[in-house]
Amino acid sequence: MSSSVIKLENNSFSKFIPLLIGFMVFLSVLFISVAHIVDEIGSKWTDGINNSMTVQIIPDANLDSEQNDDIISRTITILNQHYGVQDVNLIPNDEVIEMLLPWFGGGLRNVEFPIPRIIDVKLIDDLQIDTVSLKAQLGQISDSIIVDDFSDWRDRVNSIVNTINGLVYTIVLLIIISCMIISVTLTRALMLMNVKTLNMLMLMGAMDSFIAKEFVSYALSVVIKSSLCGFFVALLSINSILYFNNFDFELHFYDWLLIFGVIPVVVILSFLVSIITVKLTLIKRFFNIEF
Amino acid sequence: MTILEKSIIRFHNVKFGYGISNSILNNVNIDIKQGGFYFLTGKSGAGKTSLLKLMYIGNRITDGNLFMFDKDVDSYSRNEIALIRQNISVVFQDYKLLKHLNVFDNLALPLRIKGDSEETIVRKVTQIVKWVGLKQYIDSYPDILSGGQQQRLSIARSVITNPKIILADEPTGSVDEVSAKKIFSLFEQLHKRGTTIIMATHNENLVKSKNYPKLVIENNSVFLEK
């Protein structure tokens with residue numbers, strides 16, 4: 001992969017560096033994948049409650065059952081008439097009790113307990129419903145009507161997902177910065193190990209661009225090879241984890257683009273910092289050829 | 001002798017030293033003519049290597065003016081200096097061969113820097129290894145060659161690009177008498193072809209036996225003895 005024509009020397013230190021770069025790329029890919037998995041989990045959680053809301057009506061002990069039923073039917077009417085509502089479904093008492101059993105135990109069927117009536121409301125897709133006016137209208141019927149559009153839950157899930165993503169991408173950024181530092185170290189180490197060759201090149205009249213090409217192409221070939229190794233090991237690891245844990249996740253084109261993007265980002269940045277390192281070294285050594 | 005009148009390197013009031021207090025060369029005013037053969041003599045530590053280093057622009061002068069190829073070195077760009085260095089070759093006492101490259105690659109290096117094609121490189125390297133008698137060692141590494149062979153390889157490397165100037169720093173200092181004679185005859189052949197040669201040496205017998213001008217370094221200054 002290297003287009004070097006002067007066969008640079010390396011030692012055990014420069015042989016250790018590819019492992020380090022490979023490991024860094026492995027970590028980057030792993031973290032980006034974690035970010036996507038967290039995103040996917042967040043989406044799955046919020047998708048189930050998107051375009052729906054529930055309305056709870058707590059029976060008023062001071063009213064008889066006919067009056068309470070009247071509140072329910074008026075609520076259903078208002079809901080059906082409200083802009084953005086697609087379907088309104090009053091959940092039967094038995095189903096509500098089934099839902100509450102895990103919290104209150106089996107005795108719930110036998111006790112006199114004001115079981116709240118729950119109305120499941122389906123909303124038209126992607127239509128913003130005016131919950132403020134709806135709550136105001138229902139509030140005129142009774143104070144005991146609670147409208148829950150899950151916005152708090154959604155906000156909390158989004159906040160957790162965003163925090164995790166922020167942390168993950170900060171770590172990825174730090175890893176990429178580490179890769180750049182490693183590339184600088186690799187280039188400097190190469191130049192130190194090949195200082196005789198470097199001095200000979202300058203003595204023989206090699207242009208800066210020639211010397212830079214020799215050292216940078218060598219450093220870059222190391223970075224590319226080790227990045228690819230780290231990348232494929234990471235892909236293998238992620239797929240194994242997902243497969244053996246029966247996770248059902250699908251990475252989309254954009255996700256793959258971001259994961260694959262780690263390699264060009266690492267390579268391009270390494271290329272730039274290597275060139276700068278070589279140029280700075282040459283500036284210092286150009287008029288100071290020492291053997 | 002074929003010393004022409006045209007100046008190729010000219011020192012004008014040149015001073016050189018490492019730091020303010022460590023002056024190595026003072027008020028140097030010499031004129032190296034194109035096509036000339038010069039011995040450079042002086043005691044150990046007198047500044048012969050430093051003077052040669054200034055000639056291949058391996059260090060910058062502290063004060064004064066250094067003219068190379070009719071132009072002040074300070075007025076050259078970095079790329080122009082690189083091109084000047086391509087026209088100056090240096091032969092060292094300890095050869096400075098790259099041990100991790102074989103004979104072919106050591107000889108090919110200056111040609112690769114110049115940007116010659118691989119075909120030209122193979123042709124020129126094949127020619128020059130015959131000239132220095134190292135044809136059978138073309139794939140060998142410098143470590144297995146004798147001192148004389150390494151020095152011949154070093155000379156071959158320095159002339160393969162047909163430089164205008166060859167600076168030799170004690171080129172026969174590390175080889176036996178027979179090898180030294182062979183090496184010196186190579187320099188004389190190059191001189192006859194019109195290459196300017198400046199050879200630093202301690203070998204008084206050699207200097208006396210040849211009728212070439214001498215650059216003498218004494219008390220930090222340099223003067224020309226004809």
Side-chain angles (χ1 to χ4, degrees), chain A residues 1-15 17 186-222 275-291, chain B residues 16 18 49-50 52-62 66 73-74 76-102 104-116 118 121 141 154 157-158 160-161 163-164 167 169:
Chain A
M1 205 174 287
S2 166
S3 62
S4 173
V5 295
I6 55 168
K7 296 176 187 164
L8 296 172
E9 289 180 288
N10 59 15
N11 64 9
S12 53
F13 172 70
S14 64
K15 283 173 189 161
I17 281 182
L186 172 66
T187 311
R188 286 175 66 96
L190 270 177
M191 295 186 94
L192 273 175
M193 276 181 275
N194 293 278
V195 71
K196 276 186 188 170
T197 308
L198 176 64
N199 283 327
M200 195 48 77
L201 289 172
M202 288 191 292
L203 181 69
M204 288 175 172
M207 304 270 177
D208 287 359
S209 53
F210 179 92
I211 299 173
K213 188 183 155 223
E214 291 300 313
F215 283 92
V216 172
S217 63
Y218 188 93
L220 217 56
S221 72
V222 169
I275 283 235
I276 293 167
T277 307
V278 172
K279 295 266 179 183
L280 288 176
T281 309
L282 290 180
I283 286 170
K284 272 192 271 181
R285 287 185 168 270
F286 193 74
F287 289 111
N288 191 21
I289 300 177
E290 295 293 341
F291 285 102
Chain B
F16 174 70
Y18 298 100
T49 302
S50 296
L52 292 177
K53 206 180 252 190
L54 293 180
M55 289 181 187
Y56 62 76
I57 326 176
N59 274 144
R60 297 207 97 152
I61 58 172
T62 318
L66 171 60
V73 166
D74 284 343
Y76 285 118
S77 67
R78 279 172 72 93
N79 280 350
E80 284 172 331
I81 287 174
L83 287 173
I84 287 176
R85 283 176 180 167
Q86 285 182 13
N87 280 298
I88 302 169
S89 286
V90 188
V91 178
F92 295 93
Q93 183 179 0
D94 56 352
Y95 329 123
K96 303 280 186 249
L97 297 167
L98 298 175
K99 300 284 163 78
H100 66 290
L101 300 183
N102 62 19
F104 180 91
D105 285 328
N106 264 291
L107 292 171
L109 186 57
L111 300 172
R112 287 182 170 140
I113 288 170
K114 276 186 80 179
D116 283 358
E118 275 304 307
I121 290 169
Y141 285 84
S154 164
R157 184 183 63 182
S158 70
I160 199 163
T161 53
K164 291 191 169 63
L167 307 172
D169 193 359

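Below, chains carry the letters A, B, ... as their sequence lines are ordered, and counting in each starts from 1.
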*So, do A:L186 and A:V222 sit near enough that their side-chain heavy atoms are less than 4.5 Å apart?*
yes

*Under 4.5 Å from any heavy atom of chain A - which part of B:K99*: neither

*asked:* Does any part of the side chain of A:D208, heavy atoms only, come nearer than 4.5 Å to the side chain of A:F286, both counted from C-beta?
replied: yes

*Taking the six-membered ring of B:F104 as reference, does the NZ or CZ atom of B:R112 fall below 6.0 Å from its centre and within a 45° cone about the axis?*
no

*Identify the two heavy atoms, one from A:A219 and one from A:T187, that lie closest to each other, and give their separation to 0.1 Å.*
CB-OG1, 4.0 Å

*Of the listed residues (A:L201, A:N194, A:N199), which shares the most heavy-atom pairs with chain B below a 4.5 Å separation?*
A:L201

*Go through A:K196, A:R285, A:E290 and name the one with the most non-hydrogen pairs under 4.5 angstrom from chain B.*
A:E290

*What residues of residues 275-284 of chain A sit under 4.5 Å from chain B when you count only heavy atoms?*
A:L282, A:I283

*Considering only heavy atoms and a distance below 4.5 Å, find which of B:H100, B:Q86, B:K114 pairs most often with chain A.*
B:H100

*With a 4.5 Å heavy-atom cut-off, do B:S89 and B:L167 have their side chains touching?*
no

*State whether B:Y56 and B:R85 meet the cation-pi test: NZ (Lys) or CZ (Arg) under 6.0 Å from the six-membered ring centroid, and within 45° of the perpendicular axis.*
no

*Per-residue contact mode, B:I57 against chain A (heavy atom under 4.5 angstrom)*: both

_Side chain proximity check, A:F215 to A:M191, heavy atoms < 4.5 angstrom_ = yes

*Indicate yes or no: at least one non-hydrogen side-chain atom of A:M207 is less than 4.5 angstrom from one of B:L83.*
yes

